[in-house]
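Here's the structure we're looking at; comments come further down.
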2 protein chains.
Amino acid sequence: MQRIVVLAGGIGGARFLRGLKSAAPDAEITVIGNTGDDIHLFGLKICPDLDTLMYTLGGGIHEGQGWGRADETFVVKEELAAYGVGPGWFGLGDRDFATHIVRTQMIAAGYPLSAVTEALCTRWQPGVRLLPMTDDRVETHVLIDTADLGESAPGEGAESRRAVHFQEYWVRLRASVDAHAVVPVGADAAKPAPGVLEAIADADVVLFPPSNPVVSIGTILAVPGIREAIADAGVPVVGLSPVVGGAPVRGMADKVLSAVGVETTAAAVARHYGSGLLDGWLVDTVDEDSVPSVQEAGIRCRAVPLMMNGTEATAEMARQSLLLAEEVRA
Amino acid sequence: MQRIVVLAGGIGGARFLRGLKSAAPDAEITVIGNTGDDIHLFGLKICPDLDTLMYTLGGGIHEGQGWGRADETFVVKEELAAYGVGPGWFGLGDRDFATHIVRTQMIAAGYPLSAVTEALCTRWQPGVRLLPMTDDRVETHVLIDTADLGESAPGEGAESRRAVHFQEYWVRLRASVDAHAVVPVGADAAKPAPGVLEAIADADVVLFPPSNPVVSIGTILAVPGIREAIADAGVPVVGLSPVVGGAPVRGMADKVLSAVGVETTAAAVARHYGSGLLDGWLVDTVDEDSVPSVQEAGIRCRAVPLMMNGTEATAEMARQSLLLAEEVRA
């Protein structure tokens, strides 16, 4: 049985995984999920990426939106607003609330996030083994200009830049302002969650879905030991570009790539991962011109359709990534 | 301006207060609410009696039911059940959840329950000053036969009786089994909340609505200092019988009165409070026969209609209690 390890953020990773399950129904898939965008609101621990993975693979996702629950209602949030309790910008539905209540109670009872995630998955049966990258707290912060927050600078010596939580940057500010730096606070002291390094060591192939290379996969790789384990695993590591035609397919990859000094092109993202980590890279057919430059960087590259329009198109992307992995191995 | 202090449980107290506000629109009313039926569920602090008072007087109550919110939905609870997380017997709606989330967050941030209650009331504007009896944790437990829990007694030496939380006795078991004792755990070490003793000392009259004499008013009186303050206030103390025609108008007063060795009659409840505390007592017209025996116990007594059918009937009950207070004073 083929053992596949996938590093995943939220929507892009979750949709790719649905295709991968269809393309490789007999594979044993372990997903290492990003927890850098976790946030504490209303006294609850919220793990947006883990939940998007769990809901998408477990049949509970709001399909059109890509995150949150299908048939969601927002009564609790309306009532919190009636008490003047916010933030109002975070879209927390009633069904979703229950997940966070269960998670928060289990963590308060002493269970690590990995055990909590396993417990939640007994309901959702995602068909993959879902592991958080770490049981430790990591929180991605984004450095922005305070002027962009609409806050007045109260005189000289005032900070002109401020770090905001990634969710505030992405959900509240809609990534509409420049990001000067992206810092996964706590990552340097975090340990990979139980099972993460073992799954990588036992893998036949490691895949990077078209997730955000900075705030999703980049954050996972920032946990000491994970990048090294992947580089040392001696198995093909293949990624799919989240950038198509010079723009992210979804999300704010352009903003955060810029913050880390990387161009928003399929080739630049491949070089950012680097040939020390990445063996193969899929770009979209519109980026066929970039194939030679990726290959020159020591990364085997193919151009194939990379738009995840439905499960069949996505399954074909997964198949192509596994084919490229076999080419690398051979 | 007349200053009225009312000791109140949940539904009965809340409905009486609506009548009192109508009967004495210019009075300054301070309500001392029972917190002995507070419970912690799903990591949240729930104060059923305070919430019933707040929702009823603030226009948010489910009128037919008497507790919980109007237009309530139960999505969070359904989802918790889908995770296998209970208890399912406690009816916690989505709107109600928001109240508990705000309360729990404020308590975690270090605010005492009295400050939290005041903050919640800025939304509800109940038209009275609502104080919890104490900021300390008090939890009413009820001693029942383990056999009544449907649990097998695993051999000799097994406990034949067990204490359950009042909510479990009332909501889960529907008070359908005998109560052998009622214990307000923690009451002996509790201090009256800020403002409680001051309000009693400043009162012109103290009223006991037709709330449960054991698990509502009895629990409030079990907080050291409150009974003494009322007895020493030197103002009329008038109560309304929650027992009519030998049965409680609502709730399980018969069960818990039996646990403390008191008959379920209007007269027995008056004698249970005693003339050292109570100056006046209203019984329902169907209990007119009991008036002499209450008066013999040194408590001035009148028979008037005590069914709270609508605000006008309830306002008339409140008027009668204030009239009796004036008789006592004169």
Side-chain angles (χ1 to χ4, degrees), chain A residues 39-46 51 54-55 58-62 68-88 90 92-111 115-126, chain B residues 39-46 51 54-55 58-62 68-88 90 92-111 115-126:
Chain A
I39 187 166
H40 291 77
L41 290 175
F42 312 114
L44 302 174
K45 181 171 178 65
I46 300 168
D51 288 348
M54 197 167 70
Y55 296 159
I61 200 77
H62 185 300
R69 295 287 308 279
D71 304 316
E72 188 56 292
T73 56
F74 291 87
V75 174
V76 175
K77 189 182 171 184
E78 282 165 27
E79 287 290 326
L80 288 170
Y83 280 116
V85 172
F90 200 82
L92 213 47
D94 300 326
R95 293 184 193 281
D96 209 18
F97 244 109
T99 301
H100 311 318
I101 287 171
V102 175
R103 175 185 291 123
T104 304
Q105 273 203 283
M106 286 190 71
I107 284 176
Y111 291 94
V116 174
T117 305
E118 189 181 350
L120 295 172
C121 284
T122 59
R123 171 180 176 194
W124 292 103
Q125 296 289 322
Chain B
I39 187 166
H40 291 77
L41 291 174
F42 313 113
L44 301 174
K45 181 171 178 66
I46 300 169
D51 288 347
M54 197 168 69
Y55 296 159
I61 200 78
H62 184 301
R69 294 286 309 279
D71 304 315
E72 188 57 288
T73 56
F74 291 87
V75 174
V76 175
K77 189 183 170 182
E78 282 164 26
E79 287 290 325
L80 289 170
Y83 280 115
V85 171
F90 200 82
L92 214 47
D94 300 326
R95 294 185 192 282
D96 208 17
F97 244 109
T99 301
H100 311 318
I101 287 171
V102 175
R103 176 185 292 123
T104 304
Q105 275 203 281
M106 286 191 71
I107 284 175
Y111 292 94
V116 174
T117 304
E118 189 180 349
L120 294 172
C121 284
T122 59
R123 170 180 177 195
W124 291 103
Q125 296 290 321

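Just so it is clear: chains get the letters A, B, ... in the order the sequence lines come, proteins before strands, and each one is counted from 1.
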Using a 4.5 angstrom heavy-atom cutoff, name the option from [options] with the most pairs to chain A.
options              : answer
B:A109, B:A98, B:G93 : B:A98
B:K77, B:R95, B:E72  : B:R95
B:D71, B:T104, B:T99 : B:T99

A:A82 versus chain B, the contacting section by heavy-atom distance below 4.5 Å | both

Checking heavy atoms, do the side chain of A:V76, its backbone, both or neither come under 4.5 Å from chain B?
-> both

As an exercise, state the distance from [atom1] of [X] to [atom2] of [Y], rounded to the nearest 0.5 Å.
X      : Y     : atom1 : atom2 : result
B:R69  : A:E79 : CZ    : CD    : 4.0 Å
B:I101 : A:F97 : CD1   : CZ    : 4.0 Å
A:R103 : B:Y83 : CZ    : OH    : 7.5 Å

Answer key: most heavy-atom pairs under 4.5 Å with chain B among A:T73, A:V75, A:L44 is A:V75

Pick whichever of A:D94, A:D96, A:V85 has the most heavy-atom pairs under 4.5 Å with chain B.
-> A:D94

When you look at CZ of B:F90, are more than 12 heavy atoms from neighbouring residues, nucleotides or ligands closer to it than 6.0 Å?
-> yes

